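Here is the structure we will look at.
What you see is a predicted model; the values in this text were computed from it and never measured. Side-chain atoms are counted along with the backbone in the values below, which use heavy atoms only and exclude waters and symmetry mates.
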Amino acid sequence: MTTQLPKERKISRKLTILLPLVIAVTLFLWLVPTSFFGIDGLTVVEQRTIAIFVFAALMWMFEIIPTWTTSVLIIVIMLLTISDSSLPFMKGSGIPSEMGTFVSYKSILATFADPVIMLFLGGFILAIASTKVGLDVQLARVLMKPFGKKSEFVLLGFLLVIGTFSMFMSNTATAAMMLTFLAPILKTLPPDGKGRIALALSIPIAANLGGIGTPIGTPPNAIAFQYINDSLHLDVGFDDWMFRMIPYVYVMLLIAWVILLKMYPFKQKTIELKIESHHEKTWRTYVVWITFALTILLWMTESLTKLNSNVVAMIPVGVFCITGIITKDDLKDINWSVLWMVAGGFALGLAMTNTGLAEHLVTSIPFGEWLPMVVILVAGFIGYFISNFISNTAAASLIVPILCAVAVGMGDTLDPVGGAKTLVIGAVLCTSLAMLFPISTPPNALAHSTGLVTTKDMTKVGILVGVIGYVLGYLLLFFIGF
């Protein structure tokens with residue numbers, strides 16, 4: 001009983017000190033005049049969204065209540081205050097243009113069934129089925145064999161394998177796949193060792209960094225690639241991108257490896273995977289093997305098959321449910337709290353985008369009044385900051401068109417610091433470095449679902465990787481360029 005007291009005191013301190021402080025800050029931002037923010041034309045709904053955004057960020061950061069609870073809470077608050085079905089007195093009686101654009105309540109509720117949520121669901125089902133037939137252990141052995149049995153090299157193997165896969169398939173799909181391999185490795189490690197945290201964190205770090213390597217590695221890359229070539233008519237080829245970014249990715253993975261080893265050293269020096277002997281090969285084993293292989297193949301060939309990775313994720317759900325490999329009892333093992341947590345992040349991003357707040361914030365920045373170097377560095381910071389709270393795809397969709405317009409407006413003045421290519425690619429690169437919170441990216445949420453990683457762990461490592469990646473990324477662009 002006495003061992004629980006420090007934890008109880010910590011929870012009590014959060015509820016009695018931090019919670020009132022967060023509520024006070026939120027109410028202040030909610031109630032002050034819109035002129036306080038210094039943004040011309042800011043609407044009431046956008047101001048409420050800012051307050052909700054700050055509330056969510058602080059609650060997630062300090063984990064005053066469980067992360068998924070915060071997500072559910074902000075969805076409820078949005079429905080009641082900034083949706084088109086909000087409380088009557090929240091709709092106001094003022095000038096409609098001053099109130100702003102209310103978000104469709106259907107869109108907010110739809111975040112609980114966002115296509116990425118379905119990808120998560122498919123990943124969880126795939127992992128549960130693989131564990132039932134022992135596939136997870138066997139595949140983990142095959143993939144990790146080249147890296148030996150030393151714990152630190154197994155971690156390196158995880159980083160390199162995930163990073164490489166993420167260059168050619170969805171980051172979330174890669175993370176979902178590798179989550180399957182993680183479970184049997186964790187079983188071999190002592191529960192009180194920090195190495196388990198390092199392995200769990202390797203999934204989002206490698207998945208996010210790996211996507212930078214190719215134009216198809218992550219949607220923001222594809223958005224930048226299209227605008228650079230089609231709108232700005234600059235000649236950047238697929239091979240140009242890979243030639244510069246793949247070395248950057250592997251350097252960053254090695255740096256991440258060192259950071260994880262320093263912050264979360266392994267207590268057990270070796271990891272040896274043993275195939276569970278009680279798994280007998282039956283027809284269900286072969287169904288899981290074939291379905292798993294087909295799913296991974298379709299994820300990897302998305303650009304050829306044109307089958308969206310979120311759609312592909314439903315294949316194992318359908319197959320395993322129909323064949324009885326997944327039963328109603330297995331559905332209880334799905335980490336539903338993670339799905340609800342991610343939904344909250346999506347809802348917040350939706351609110352920022354659909355109310356016009358995100359665009360309003362970006363367009364209010366006076367790029368034209370700044371030095372070219374400052375414009376480029378600030379653009380990267382904006383991409384990084386926004387992507388910690390909304391999807392990196394949404395962030396890129398928002399800032400890339402604006403940055404292209406800025407590049408055209410500034411003309412030749414950008415040339416000494418790399419031109420429009422550096423401006424756009426730098427900002428997009430930074431969106432993939434955003435990984436401070438479980439809601440920042442789906443791979444982060446998957447790592448959080450292991451129960452091994454706290455928001456504090458993710459933020460500490462995320463800041464280090466983000467800052468180093470930001471500096472190295474711009475050094476690459478300034479001195480090598482495109």
Exercise for the section: Evaluate the criterion side chain to side chain contact (heavy atoms under 4.5 Å, CB included) for residue pair L199 and L155; output intermediate values, then yes/no. Expected result: CA-CA 6 Å; L199 282 169; L155 173 63; 4.0 Å; yes
Practice task
Give the C-alpha distance, both sets of side-chain angles, the deciding distance and a yes or no for ring-ring contact (aromatic ring centres under 6.0 Å, His included) between F28 and F36.
Solution key: CA-CA 11 Å; F28 174 79; F36 169 81; 5.3 Å; yes
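- For the pair L73 and I77, the minimum side-chain heavy-atom distance is below 4.5 Å.
- Distance alone, capped at 3.5 Å, is enough to place a donor-acceptor pair between the Q47 side chain and the W30 backbone.
- No side-chain N or O of N171 forms a donor-acceptor pair with one of T174 less than 3.5 Å apart.
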Exercise for the section: Check the pair L476, M245 against side chain to side chain contact (heavy atoms under 4.5 Å, CB included), reporting the backbone distance first and the verdict last. Expected result: CA-CA 9 Å; L476 166 71; M245 290 305 183; 3.9 Å; yes
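- When atom types are taken as modelled, the side chain of T214 and the backbone of G217 share a donor-acceptor pair closer than 3.5 angstrom.
- V317 and G122 make their closest contact through CG2-CA, 3.8 Å (heavy atoms, listed as atom of the first residue, atom of the second, distance).
- Contact record, L348 with A56: CD2-CB, 4.2 Å, taken as the closest heavy-atom pair.
- For the side chain to side chain contact (heavy atoms under 4.5 Å, CB included) with V375, the lone residue among V406, T413, L403 that qualifies is V406.
- Note: I197 CD1 to T450 OG1 = 9.0 Å, rounded to the nearest 0.5 Å.
- Not a single donor-acceptor pair under 3.5 Å links the side chain of N444 to the backbone N or O of P204.
- When side chains are defined from C-beta on, I315 counts as touching L298, because their heavy atoms get closer than 4.5 Å.
- The shortest side-chain heavy-atom distance between C430 and F381 does not fall under the 4.5 Å cut-off.
- The main-chain N or O of Y227 is never found under 3.5 Å from a side-chain atom of D230 such that the two would form a donor-acceptor pair.
- Rounding to the nearest 0.5 Å gives a distance of 10.0 Å between SG of C404 and CD1 of I399.
- Of the possible polar contacts, one joining the T431 side chain to the V428 backbone as a donor-acceptor pair under 3.5 Å is found.
- Proximity of K149 to I271: side-chain heavy atoms (C-beta onward) are nowhere separated by under 4.5 Å.
- Closest non-hydrogen pair, M252 versus L209, comes out as CB-CD1, 3.9 Å.
- A donor-acceptor distance shorter than 3.5 angstrom exists from the side chain of N388 to the backbone of L436, with no hydrogens or angles considered.
- S83 has its side chain out of reach of M78: every pair of non-hydrogen atoms, C-beta onward, lies at least 4.5 Å apart.
- More than 12 heavy-atom neighbours from other residues, nucleotides or ligands sit within 6.0 angstrom of CH2 on W257.
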Handout entry: Verdict with reasoning, F124 to W336, per side chain to side chain contact (heavy atoms under 4.5 Å, CB included)
Key = CA-CA 10 Å; F124 287 147; W336 295 103; over 6 Å; no
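- Proximity of a side-chain donor or acceptor of R48 to a complementary backbone N or O of T81 within less than 3.5 Å is detected.
- When each of L260, I259, V258 is tested with K262 by the rule side chain to side chain contact (heavy atoms under 4.5 Å, CB included), just one qualifies, namely V258.
- The aromatic ring centres of Y470 and Y384 sit 6.0 Å or more apart.
- Looking at heavy atoms from C-beta onward, M263 lies in side-chain contact with L464 at the 4.5 angstrom threshold.
- For the pair A207 and S166, the tightest heavy-atom approach, listed with the atom from each and the gap, is CA-OG, 3.2 Å.
- Not less than 6.0 angstrom separates the ring centroid of F479 from the ring centroid of Y474.
- In this structure, F158 and I185 have side chains that are in contact, with non-hydrogen atoms separated by less than 4.5 Å.
- With rounding to the nearest 0.5 Å, the separation of OG1 in T67 from NE2 in H448 is 4.0 Å.
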Problem - Chi angles and distances behind the side chain to side chain donor-acceptor pair (under 3.5 Å) call for T218, N221 - result: CA-CA 6 Å; T218 185; N221 293 5; 5.6 Å; no
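- Here the straight-line distance linking atom OG of S71 with atom CE of M59 works out to 10.5 Å at 0.5 Å rounding.
- Here the side chain of S86 pairs no donor or acceptor atom with the backbone of I82 at under 3.5 angstrom.
- Across all their heavy atoms, I386 and A395 have their closest contact at CG2-CB, 3.9 Å.
- Around OH of Y105, the count of heavy atoms belonging to other residues, nucleotides or ligands within 6.0 Å does not exceed 12.
- Taken from CG in L297 to CD1 in I290, the straight-line distance is 13.0 Å, to the nearest 0.5 Å.
- Other residues, nucleotides and ligands place no more than 12 heavy atoms under 6.0 Å from the CG atom of D40.
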Practice task
Would you please test F147 and V154 for side chain to side chain contact (heavy atoms under 4.5 Å, CB included) and show each step?
Solution key: CA-CA 6 Å; F147 300 96; V154 171; 5.5 Å; no
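- In this structure, the side chain of T459 engages the main chain of T455 through a donor-acceptor pair within 3.5 Å.
- In this pair, F389 and F437 present their aromatic rings tilted. The plane angle is within the 30 to 60° band.
- Side-chain contact between P215 and W241 is present, with heavy atoms from C-beta onward closer than 4.5 Å.
- Atom CG of residue L446 and atom OG1 of residue T441 lie 8.5 Å apart, to the nearest 0.5 angstrom.
- The backbone N or O of L350 sits nowhere less than 3.5 Å from a side-chain atom of T353 that would complete a donor-acceptor pair.
- The environment of K460 atom NZ is dense: over 12 non-hydrogen atoms of other residues, nucleotides or ligands sit within 6.0 angstrom.
- Minimum interatomic distance between P372 and L414 (heavy atoms only, all atoms of both residues): CB-CD2, 4.0 Å.
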